[in-house]
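Residue numbering restarts at 1 for every chain, and letters A, B, ... go by the order of the sequence lines.
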Amino acid sequence: MSQSEAPETERDVMEYDVVVVGAGPAGLACALRLKQLDADLMVAVIEKASEIGAHILSGAVIEPQPLDELVPGWREAPPPICVPVEEDELFYLGKDSRRKLPTPPQQKNHGNFIVSLGATCKWLADHAEAAGVDVFPGFAASEVRLTESGAVGGVIIGDMGVDKSGAPKDSYVQGIEIHAKVTVLSEGCRGHLSKQLIRQFELDQDCDPQTYGIGMKELWKVAPGKARPGLVQHTLGWPLDSAIYGGSFIYHLDGDRVALGFVCGLDYADPDFVPFEAFQQLKHHPMLRDLLEGGEIISSGARALVEGGFQSLPKVELPGAMLIGDAAGLLNVPKIKGTHQALRSGMLAAEHIHEKAAAEGFDARLRASPVVAELKKVRNIRPGFNKGLWRGLITAAIETVTGGALPRTLSNHADHAELARRADFQAPDRGWVDRSLPPRDRLASVYFAATEHDEDQPVHLQILEPEICTTRCTEEYGNPCTRFCPAHVYEMVEDEANEGAQRLQINSANCVHCKTCDIKDPYQVINWVTPEGGAGPNYQNL
Amino acid sequence: MKILVGIKRAVDYNVRVRVKSDGSGVETDGVKMSVNPFDEIALEEALRIKEAGKADEVIVVSIGNNDVQQQLRTGLAMGADRAIQVETGDTLQPLTVARVFKALAEREGAGIVLLGKQAIDDDCNQVGQMTAALWGRPQATFASKVVIDGTTATVTREVDGGLETLEVDLPAVITSDLRLNEPRFVKLPDIMKAKRKPLDVVPLDELGGHAGAAPATGRHAAPAPRSRGVMVGDTAALVAELKNRGLV
């Protein structure tokens with residue numbers, strides 16, 4: 001499918017040895033490592049955000065070992081936000097109560113660092129550029145380029161200056177083709193090119209469906225003295241009922257800053273559940289309310305994350321291309337960390353390309369590496385929570401004690417299939433409260449994400465079968481997209497052309513590129529594609 | 001003819017500006033910085049004049065520490081021929097900036113100094129006018145249309161009462177308003193070409209400039225937050241509430 005009605009002329013071409021799609025930790029680690037191994041390799045990194053780090057959202061507590069390998073001496077000149085972890089705390093929350101739980105071994109963070117992954121990626125991109133990598137923020141890889149033999153041979157950059165209807169505007173600029181011997185997909189969770197290639201090359205035919213979570217995060221400046229730099233807190237329980245997997249993180253940074261986030265599994269059943277509201281509820285627990293009152297939000301955003309782990313890991317190679325980081329799905333859920341996995345897989349991909357000059361063999365190499373060994377060990381912990389919080393904790397305890405040695409592998413199910421129909425579901429009373437802390441609603445939250453899209457461009461949230469929205473979906477699920485989207489992109493409004501009826505309005509300019517809709521839509525008719533390069537959120541230090 | 005274009009590194013227009021907690025200024029740590037949008041429009045106009053064959057060279061100028069090289073590279077990627085960084089670690093007042101542009105205009109023999117009408121950070125709107133006065137040349141500010149004809153420029157200006165058209169002799173100072181044009185997208189291969197274009201670094205004092213005395217700013221503060229609204233049930237309740245507060 002051509003991306004616009006613009007004149008089909010020969011696209012300009014740039015030739016590289018390796019093109020990396022997505023300037024997250026995995027992609028940047030791969031690019032930097034490639035240049036360290038062979039300074040003559042031509043390496044490009046394409047990033048859809050207006051600047052490096054602007055679409056990155058993570059906790060983030062990171063394990064530093066892969067950074068020690070990748071950027072020796074980094075501790076002398078660390079990323080701008082980098083606070084050593086001093087203390088770990090885990091709480092089980094009731095509506096007004098909290099109980100301290102023992103910290104599970106996977107979550108002991110001694111020796112780790114709290115960082116802003118966005119700021120860290122910018123810092124890493126500077127290292128990559130200094131090593132000779134061409135880093136291009138503001139350019140979206142909109143299509144994969146296939147060679148005559150059917151292998152991946154690079155990417156096509158999206159056209160700029162195309163209007164709503166697909167016609168070129170005065171500012172039209174045709175996207176170029178980037179040809180590369182190897183294409184590395186490091187788009188993060190549910191990357192749109194990765195999704196397409198996994199389907200097209202049937203990379204997931206021997207694994208369970210991928211499962212996901214949605215994470216929302218706010219960076220706060222709290223009243224002086226309230227933050228305790230280096231304190232890492234996690235919570236389970238309220239505002240979620242025990243059927244929904246999830247919890248929160250509260251990471252205390254320097255400069256009176258606190259990174260606060262909430263993650264819940266996208267396998268929840270309640271069609272009326274609003275993840276954004278759950279996050280806002282959490283902030284009104286006495287423990288958090290005390291911390292936040294008198295403070296202000298600096299930046300906020302949302303991003304889906306992969307939770308499927310070992311049993312959902314697709315084949316990570318195909319002719320001409322490989323998947324790394326969360327585009328492959330390497331996040332370690334019990335550790336609540338993926339950055340070290342992303343960095344390691346990126347470096348491993350670089351080493352593979354350096355030796356073989358091809359993608360072939362990378363799947364076996366990754367599976368034989370500590371990256372996948374780590375996932376295998378904890379493979380049953382996340383699916384253990386499919387039967388609720390308490391049985392999940394028991395499974396987690398057993399799997400932790402045995403180190404994952406039991407000869408069983410619990411399976412994963414696709415998140416979109418887990419949503420219950422309204423008629424079949426009775427939501428429990430979650431004891432939610434009246435809120436007073438900002439943001440008031442999702443639109444107010446989007447403001448803190450500083451998201452920006454030129455409104456005169458094709459809608460980048462494609463509904464493949466639009467008639468479903470106002471018929472089956474309204475009846476069966478009551479249009480859950482209007483609730484699971486954290487940025488209020490989807491809205492049911494009166495249909496002016498059809499009195500008494502409703503229509504789906506897509507406020508695509510609000511989109512924060514989290515990909516939740518693409519994942520959770522029960523009919524799988526929402527297809528997220530990249531908008532114009534440079535569009536999307538402008539996160540500050542998330 | 002050479003066109004000198006000033007581009008300022010400013011907090012990006014999408015960013016929610018916050019005051020530093022100590023009140024000493026606006027927070028720029030970890031904040032996205034871009035080319036001031038009016039300057040981007042000025043550069044676009046300069047490039048169009050050059051592409052129409054009416055200028056030979058477009059030079060982008062920015063003043064500041066090495067961070068401004070990022071914006072200069074953006075200007076080069078858009079199509080400017082070369083860049084000049086006037087190096088200083090100080091924040092300059094408009095008069096000093098105008099002196100710099102005057103000195104550069106004379107040194108380069110510029111036919112047009114094309115500037116944004118103002119920067120979106122301090123909103124001063126002074127440099128263009130001051131440069132013209134110091135340089136002793138005509139000025140045409142707030143341009144929404146520029147037509148170059150040999151040694152003159154016909155400039156349509158956006159003024160309070162509507163539009164005004166001026167004809168100025170070149171060399172002259174022109175400042176851009178919002179509707180002058182829509183800046184182009186940077187092309188990926190041009191970013192690579194920009195890396196090879198010349199970028200000269202000139203110390204501020206070499207151009208006879210000095211930071212000089214700046215007006216002292218006591219303190220920066222954010223506007224007081226709006227207090228929470230009250231929902232009233234009906235008109236009677238509204239009137240009662242207004243009376244209660246002594247507003248009617």
Q: Quick one: closest heavy-atom pair of B:M192 and A:D134, and the distance?
A: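 Closest approach of B:M192 to A:D134: CE-OD2, 3.0 Å.
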Q: Side chain, backbone, both or neither: which part of A:M14 has a heavy atom under 4.5 Å from chain B?
A: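 For A:M14, side-chain heavy atoms alone lie under 4.5 Å from chain B.
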Q: Quick one: CE on B:M33 to CD on A:E51, what's the gap to the nearest 0.5 Å?
A: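 Nearest 0.5 Å value for the CE-CD distance: 10.0 Å.
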Q: Please report the C-alpha distance between A:I176 and B:K187 in whole Å, then the side-chain angles of each, then the deciding distance to 0.1 Å, and finally whether the side chain to side chain contact (heavy atoms under 4.5 Å, CB included) criterion is met.
A: CA-CA 8 Å; A:I176 66 159; B:K187 293 179 191 167; over 6 Å; no
Q: Rounded to the nearest 0.5 Å, what's the gap from CG on A:D12 to CG on B:L188? Could you check?
A: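 Going from the CG atom of A:D12 to the CG atom of B:L188 covers 10.0 Å.
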Q: Tell me whether the count of non-hydrogen atoms from other residues, nucleotides or ligands lying under 6.0 Å of CG in B:D123 goes above 12.
A: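 Yes, the 6.0 Å shell around CG holds more than 12 heavy atoms from other groups.
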Q: Side chain, backbone, both or neither: which part of A:I297 has a non-hydrogen atom closer than 4.5 Å to chain B?
A: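 Only the backbone of A:I297 comes within 4.5 Å of chain B.
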Q: Check the pair B:F185 / A:D159 against side chain to side chain contact (heavy atoms under 4.5 Å, CB included), numbers first and verdict last.
A: CA-CA 10 Å; B:F185 293 111; A:D159 295 348; over 6 Å; no
Q: For B:D22, does the CG atom sit with more than 12 other heavy atoms under 6.0 Å from it, leaving out its own atoms?
A: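 Enclosed.
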Q: Out of A:I81, A:D256, A:V173, return the one with the most heavy atom pairs under 4.5 angstrom to chain B.
A: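 The residue among A:I81, A:D256, A:V173 with the greatest pair count is A:V173.
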Q: What do you reckon, is NZ of A:K164 surrounded by more than 12 foreign heavy atoms closer than 6.0 Å?
A: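 No, not enclosed.
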Q: State, with a plain yes or no, whether a side-chain heavy atom of A:S171 is found less than 4.5 Å away from one of B:R184.
A: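 Answer no - side chains too far apart.
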Q: Rounded to the nearest 0.5 Å, how far does CZ of B:R16 lie from CZ of A:F448?
A: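 So the gap between those two atoms works out to 4.5 Å.
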Q: Could you walk me through whether B:R18 and A:E296 satisfy the salt bridge (charged side-chain N to carboxylate O under 4.0 Å, His left out) test, starting with their C-alpha distance in whole Å, then the side-chain angles of each, then the deciding distance to 0.1 Å, before giving a yes or no?
A: CA-CA 10 Å; B:R18 289 184 315 113; A:E296 58 165 342; 3.4 Å; yes
Q: Look up atom CD in A:Q540 and atom CG in B:N14, then write down how far apart they are to the nearest 0.5 Å.
A: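 A:Q540 CD to B:N14 CG: 11.0 Å, rounded to 0.5 Å.
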Q: Looking at every non-hydrogen atom in both residues, tell me the closest pair between A:N541 and B:D29 and how far apart they are.
A: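 Reported closest heavy-atom pair: ND2-O, 4.1 Å.
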Q: Give a yes or no on this: more than 12 heavy atoms of other residues, nucleotides or ligands lie within 6.0 Å of atom NZ of A:K169.
A: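 Atom NZ in A:K169 is crowded, with more than 12 foreign heavy atoms closer than 6.0 Å.
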